[in-house]
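Structure first, then comments.
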Number of protein chains: 2
Amino acid sequence: MPVSESVSEQCPDCKRISEVLTRVGDRWSVLVIISLAQYGTLRFNELKRNLGISQRMLSRTLRELERDGLVNRTYHPTIPPKVEYNLTAMGESFREPVSALGQWALENLVTIDAARESYDAAAERKQAVAS
Amino acid sequence: MPVSESVSEQCPDCKRISEVLTRVGDRWSVLVIISLAQYGTLRFNELKRNLGISQRMLSRTLRELERDGLVNRTYHPTIPPKVEYNLTAMGESFREPVSALGQWALENLVTIDAARESYDAAAERKQAVAS
DNA sequence: CAGTATCCTACTTGATACTG
DNA sequence: CAGTATCAAGTAGGATACTG
């Protein structure tokens with residue numbers, strides 16, 4: 001992610017915040033963390049079914065989260081193999097700010113939808129006038 | 001964003017949460033909101049300089065945020081034109097969960113970096129053994 | 001079961017150039 | 001100044017097939 005030169009003049013925290021956000025802030029990471037926070041421990045295919053995520057993306061997401069120290073991976077060399085995932089301490093600590101965000105999201109979904117509709121309606125009227 | 005059928009069995013909130021997150025949870029939206037929360041009111045080019053964002057992306061991000069009812073846009077038809085942006089009430093209310101996230105991000109950057117390094121080091125050792 | 005490998009499409013983003 | 005239009009490049013993400 002190449003960052004342009006003009007970055008020098010910006011609010012000091014923005015760069016670092018966005019660093020972390022691009023790490024753990026993407027759609028799938030957040031959902032995996034929420035699921036693990038809710039259920040404690042889950043197997044690969046349990047997560048897959050839970051989230052409606054493709055095998056490929058789940059595999060990648062879990063590897064990144066393990067790499068960043070947010071989830072633990074436990075491999076049981078049975079036949080068939082069994083792999084379990086759960087949150088590390090840091091993963092747990094991430095839970096709180098994330099659920100605050102989730103809470104806000106749920107509370108404001110309706111308002112946002114309404115704002116969108118009125119915005120779109122206004123845009124359409126403008127369009128009609130212009131024609 | 002087409003969602004697969006298997007979604008039916010998932011945690012009920014995940015879908016709605018991810019809806020909102022894909023709306024206001026992307027990198028630039030969060031940074032714009034943080035900046036406006038910090039400075040109150042900013043002009044287009046002030047935001048652009050602050051964030052090191054391209055004109056195109058800033059324009060799109062602001063339009064979406066306005067559409068979702070999170071920011072106000074005020075157009076002054078002077079020459080040259082002057083456009084000011086600030087947070088709406090809902091935008092302000094978003095500030096709290098977002099700064100909680102930002103706070104967590106700042107606090108855990110170092111830990112995450114350390115986790116990555118140790119993970120990568122372990123992966124390299126594994127690689128060396130395999131060869 | 002828990003992945004990896006490959007292929008392919010669609011969206012995202014930046015750079016550049018132009019406009020009122 | 002505050003954008004829009006266009007193009008080029010990279011990335012996200014799904015589908016499919018294969019492996020230990």
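Chain letters run A, B, ... following the sequence lines, proteins first, then strands; residues in each count from 1.
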* Within one Ile-Leu-Val-Met-Phe-Trp-Tyr cluster: B:Y75 and B:L47, side-chain cutoff 4.5 Å -> yes

* Send over the distance from A:I53 CD1 to D:dA12 P, rounded to a whole Å. => 13 Å

* Any side-chain N or O of B:Y85 under 4.0 Å from OP1/OP2 of D:dG3? -> yes

* To do: Rounded off to whole Å, could you give me the CG-to-P distance for the A:L58 and C:dA5 pair?
  => 16 Å

* Asked: If you round to the nearest 0.5 Å, how far is OG1 of A:T41 from CG of A:L87?
  -> 8.5 Å

* Got a donor-acceptor contact below 3.5 angstrom from the B:S99 side chain to the B:R95 backbone? -> yes

* If you draw a 6.0 Å radius around CD in A:E117, do more than 12 non-hydrogen atoms from other residues or ligands fall strictly inside? -> no

* How many Å lie between OH on B:Y75 and C1' on D:dT4, as a whole number? -> 14 Å

* **Nearest-Å distance for atom pair CD1/P, residues A:I79 and C:dA2** => 14 Å

* To do: State, with a plain yes or no, whether a side-chain heavy atom of B:Y39 is found less than 4.5 Å away from one of B:N86.
  => no

* Take atom CZ of A:R49 and atom P of C:dA2, then tell me their distance rounded to the nearest Å. => 9 Å

* Asked: Could A:R63 and A:E66 be called an ion pair, given the rule that one side-chain N must be under 4.0 Å from one carboxylate O?
  -> no

* Any chance CD of B:E96 has more than 12 other-residue heavy atoms, nucleotides or ligands included, within less than 6.0 Å? -> no

* Asked: Which residue, A:I34, A:V32, A:L42, forms the side chain to side chain contact (heavy atoms under 4.5 Å, CB included) with A:L51?
  -> A:V32

* Residue-phosphate contact under 4.0 Å: B:R43 side-chain N/O, D:dA2 OP1/OP2 -> yes

* Any donor-acceptor pair under 3.5 Å from A:T88 side chain to A:G91 backbone -> yes

* Structure fact -> Looking only at C:dA2, D:dA12, D:dA2, the nucleotide nearest the B:K82 side chain is D:dA2

* To do: Tell me which nucleotide among C:dC1, C:dC7, D:dA2 gets nearest to the side chain of B:P81.
  => D:dA2

* Closest to side chain of A:Q55, choosing from D:dA15, C:dT4, C:dT12 -> C:dT4

* Structure fact -> DNA chain C nearest-nucleotide lookup for B:S54 and A:V83: closer to the 5′ end is A:V83

* Among D:dC1, C:dC7, C:dG14, which nucleotide sits nearest the side chain of B:W28? -> C:dG14

* What nucleotide, of C:dT4, C:dG14, D:dG14, holds the atom closest to the side chain of A:S59? -> C:dT4

* Is the count of non-hydrogen atoms from other residues, nucleotides or ligands lying under 6.0 Å from B:E92 atom CD greater than 12? -> yes

* In residues 61-74 of chain A, which ones come under 4.0 Å of DNA chain D, going by heavy atoms? -> none

* Looking at every strand, decide which applies to A:R60 at a 4.0 Å heavy-atom threshold: base, sugar-phosphate, or nothing. => sugar-phosphate

* Taking CZ from B:R27 and C1' from D:dT11, how many angstroms apart are they, rounded to a whole number? -> 14 Å

* Round to a whole Å and report the spacing from CZ of A:F44 to C1' of C:dT4. => 10 Å

* In whole angstroms, how far is the P atom of C:dT16 from the CE atom of B:M57? -> 17 Å

* **Consecutive-pair stems (3 or more, Watson-Crick or G-U, under 3.5 Å) for DNA chain D** => C:1-20 with D:1-20

